[in-house]
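Some notes on the structure that comes next.
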Amino acid sequence: MSSTKFILGALVGAVIGVQIGILIAPDKGENTRKKITKKSGEYLDEATGKLNSFIEGLTKKVSEVSGEVDKLAKKAKAEVDKVTK
């Protein structure tokens with residue numbers, strides 16, 4: 001989880017850095033606001049895609065682990081049944 005937090009922090013830092021760069025750059029206020037809106041949308045879409053990929057991967061791992069737990073539980077039950085008979 002710490003690598004995920006790092007990646008998320010780096011992404012947020014990059015977004016903030018770009019936003020500050022746009023604000024500092026000499027341009028009309030209207031043009032600057034349009035740039036901020038456009039870039040914000042792009043970064044939001046990118047972050048959403050990465051979050052969805054992370055969730056899909058996590059769901060897959062949970063599913064795999066759940067299957068393994070079921071197998072181990074059945075094996076343990078069979079061993080207990082064998083011992084108790």
Side-chain angles (χ1 to χ4, degrees):
M1 281 301 226
S2 63
S3 63
T4 304
K5 288 181 182 180
F6 174 78
I7 291 170
L8 184 59
L11 183 62
V12 169
V15 169
I16 291 171
V18 168
Q19 299 299 330
I20 290 173
I22 291 172
L23 287 173
I24 292 173
D27 205 351
K28 288 183 178 180
E30 182 180 344
N31 292 339
T32 301
R33 286 189 295 276
K34 285 179 184 178
K35 287 179 185 178
I36 290 173
T37 301
K38 181 180 176 184
K39 285 293 182 184
S40 297
E42 291 172 6
Y43 287 124
L44 181 60
D45 291 342
E46 184 179 342
T48 300
K50 288 182 180 187
L51 180 62
N52 287 338
S53 295
F54 173 74
I55 290 172
E56 287 173 13
L58 186 61
T59 301
K60 182 179 176 183
K61 287 289 184 188
V62 167
S63 207
E64 291 172 1
V65 169
S66 178
E68 289 297 318
V69 167
D70 286 342
K71 287 178 189 177
L72 289 173
K74 287 177 184 177
K75 186 176 178 181
K77 185 179 183 313
E79 290 295 321
V80 168
D81 288 345
K82 188 188 300 183
V83 171
T84 57
K85 288 185 178 183

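Bear in mind that the values here come from a model prediction, so they are computed numbers and not experimental data. The figures that follow rest on heavy atoms only: side chains count, while hydrogens, waters and symmetry mates do not.
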Sequence-distant partners of L44, side chain to side chain contact (heavy atoms under 4.5 Å, CB included), two or more places apart: T48
Partner set under salt bridge (charged side-chain N to carboxylate O under 4.0 Å, His left out) for K38, not counting sequence neighbours: none
All pairs passing side chain to side chain donor-acceptor pair (under 3.5 Å) where residues 52-78 contributes a residue, at least two apart: K77-D81
Cluster link I20 to V12, ILVMFWY, side chain under 4.5 Å: yes
Lys/Arg-Asp/Glu bridge criterion (N-O < 4.0 Å) met for E30, R33: no
